[in-house]
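Only this structure's heavy atoms are used, side chains among them; waters, hydrogens and symmetry mates stay out.
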Amino acid sequence: DMLKTDPNSPLTPESRATFTGLPYYAIKPEFRVPAVLSENRSGPPVIIEMQTSDGKADKMRKVGSLGFSLGATRYTLTAFADVNDRTMDRLFVPFGDLTNGPATYKGGRYLNLRRTATNIYDLDFNQAFHPYCVYNPTWVCPVPPRENRLQVAIEAGERLSNSGQ
């Protein structure tokens, strides 16, 4: 397991000794949905200052908006790329939801997507993961912006503990 053995792991030496793996929700097919990316193509690139866990900010480029449905409800999440990423072949999708706090990290979770030529994406919240600052407060992590705070409980992906599956 990378978190336990990698020298660049965010786990502190004390945490590594007792680390037994990451807790996840049971995989739920209803949280794996198709999404369509509407790109920001008109005008200059939209660069935002995304707040980080240390109160500072990272410059991120808004690539576009991912539209998807969970059940009968439509949602959107903004997809970002690093401001220096010329190819934009990886999309960063930080999000918050109603599990934040009691069951998942209060600051939100992340999805990484590989860029597609069709702008159709496999949005799989079962792949949602916590930022590394969950395991070590000295790590700095982007905080999902307000526009990516979903008013629904995404009970999929990484969680804080295995209780209450």
**Fill in**
T99 and A153 have their tightest heavy-atom pair at CG2-CB, 3.9 Å

**ring-ring contact (aromatic ring centres under 6.0 Å, His included) partners of residues 27-74, not counting sequence neighbours, each pair once** = F68-Y75, F68-F125

**Asked** Say you draw a straight line from CZ of F95 to CD1 of I154; how long is it, rounded to the nearest 0.5 Å?
**Response** 6.0 Å

**Request:** Provide the closest heavy-atom pair for N126 versus A26 in the form atom of the first, atom of the second, distance.
**Result:** OD1-O, 4.1 Å

**Asked** Is there any salt bridge (Lys or Arg N to Asp or Glu O under 4.0 Å) pair reaching into residues 130-155, and which pairs are they, with sequence neighbours excluded?
**Response** K62-E147

**Request:** Using salt bridge (charged side-chain N to carboxylate O under 4.0 Å, His left out) as the criterion, list what pairs up with K106, not counting sequence neighbours.
**Result:** none

**Prompt:** For residues 76-85, which residue pairs qualify under salt bridge (Lys or Arg N to Asp or Glu O under 4.0 Å), counting only residues two or more places apart or in two chains?
**Reply:** none

**Complete:** Applying side-chain contact (heavy atoms from CB on, under 4.5 Å) to S65 and not counting sequence neighbours gives T76

**Message:** Which residues pass the side chain to side chain donor-acceptor pair (under 3.5 Å) test with T73, not counting sequence neighbours?
**Reply:** none

**Message:** How close do V33 and S69 get, counting heavy atoms only, and between which atoms?
**Reply:** CG1-O, 3.4 Å

**Request:** Could you list the residues that satisfy side-chain contact (heavy atoms from CB on, under 4.5 Å) with E30, not counting sequence neighbours?
**Result:** K28

**Asked** Do R159 and T104 have side-chain atoms, one donor and one acceptor, less than 3.5 Å apart?
**Response** no

**Item:** For V140, the rest of its hydrophobic cluster, which grows through side-chain links under 4.5 angstrom
**Value:** none

**Complete:** In short, salt bridge (Lys or Arg N to Asp or Glu O under 4.0 Å) pairs touching residues 89-104 with sequence neighbours left out are D97-R109

**Message:** Could you report the tightest heavy-atom contact between G107 and V143, atom names first, then the distance?
**Reply:** O-CG1, 4.3 Å

**Prompt:** Do Y132 and L22 belong together in a cluster built from hydrophobic side chains that touch within less than 4.5 Å?
**Reply:** yes

**Asked** If you link I, L, V, M, F, W and Y whenever their side-chain heavy atoms are under 4.5 Å apart, who else ends up in the same group as M60?
**Response** V46, I48, M50, F80, F92, Y110, F129

**Item:** Least distance between heavy atoms, L91 atom then L37 atom
**Value:** CD1-CD2, 4.1 Å

**Prompt:** Are L150 and V93 connected in a single hydrophobic cluster, I mean Ile/Leu/Val/Met/Phe/Trp/Tyr linked by side-chain heavy atoms less than 4.5 Å apart?
**Reply:** yes

**Asked** Would L66 end up clustered with L70 when hydrophobic side chains under 4.5 Å apart are linked, directly or stepwise?
**Response** yes

**Request:** Spell out, yes or no, whether V63 and L111 are grouped together once hydrophobic residues are joined by side-chain heavy atoms under 4.5 Å, including indirect joins.
**Result:** yes

**Message:** Using only atom types and a distance under 3.5 Å, with no angle test, would you say the side chain of T116 pairs donor to acceptor with the backbone of Y121?
**Reply:** no

**Complete:** Scanning both residues in full, the closest heavy-atom pair of C133 with C141 reads SG-SG, 2.6 Å

**Message:** For residues V152 and Y105: do they belong to one hydrophobic cluster (side chain heavy atoms under 4.5 Å, members Ile, Leu, Val, Met, Phe, Trp, Tyr)?
**Reply:** no

**Prompt:** Could you give all pairs that pass the salt bridge (Lys or Arg N to Asp or Glu O under 4.0 Å) test and reach residues 115-134, with sequence neighbours left out?
**Reply:** R32-D122, R32-D124, E39-R115

**Item:** Under 4.5 Å side-chain linkage, directly or through intermediates, the cluster mates of L98
**Value:** none

**Asked** Is atom CD1 of I27 surrounded by more than 12 heavy atoms (other residues, nucleotides or ligands) closer than 6.0 Å?
**Response** no

**Heavy-atom side-chain proximity of P145 to P94 below 4.5 angstrom** = yes

